Amino acid sequence: MSSLRYSIVVDSGHIPDTGSIAKTAVSKGFIVDNVMPEIGAIFGHTEDSGVVDKVRHIVGVEDIRPSRDIQLVPFDEGIPQ
């Protein structure tokens, strides 16, 4: 099974707790790749869809949603960016 990437959004009242929410998510089986405590965002992945439901119920989690990678075209002076 392949790993699915997710973004965890921390609600505005719990942004100072983003680090501890990330640790709790790890204890539920979520693999954290990056934590951005300044904006209340946690990025990571899991192979188990049941982990998503567990993370969704952590106090302070507003939402957990699939992440999508964005690929920009290579820079070229003749192509507007």
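As the structure is a prediction and not an experimental result, all values here were calculated from the model.
Remark: R5 CZ to I31 CD1 distance equals 10.0 Å, nearest 0.5 Å.
Among L4, V51, D33, the one residue that satisfies the side-chain contact (heavy atoms from CB on, under 4.5 Å) test with H45 is D33. Each of H57, K54, R56 was checked for a side-chain contact (heavy atoms from CB on, under 4.5 Å) with I64, and the lone residue meeting it is R56. In summary, of the residues considered (T24, D17, V10), a side-chain contact (heavy atoms from CB on, under 4.5 Å) with I58 occurs for T24 alone.
For the pair V26 and V32, the tightest heavy-atom approach, listed with the atom from each and the gap, is CG2-CG2, 3.5 Å. Between I8 and A25 the shortest heavy-atom distance is CD1-CB, 4.2 Å. The two residues V35 and A22 make their nearest non-hydrogen contact at CG2-CB, 3.8 Å. In terms of heavy atoms, F43 sits closest to F30 at C-CE2, 4.3 Å.
Panel note: side chain D11, backbone H14; a donor-acceptor pair is recorded below 3.5 Å. A donor-acceptor distance shorter than 3.5 angstrom exists from the side chain of S67 to the backbone of S7, with no hydrogens or angles considered.
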Please lay out, stage by stage, how V9 and V61 fare under the test side chain to side chain contact (heavy atoms under 4.5 Å, CB included).
-> CA-CA 6 Å; V9 179; V61 171; over 6 Å; no
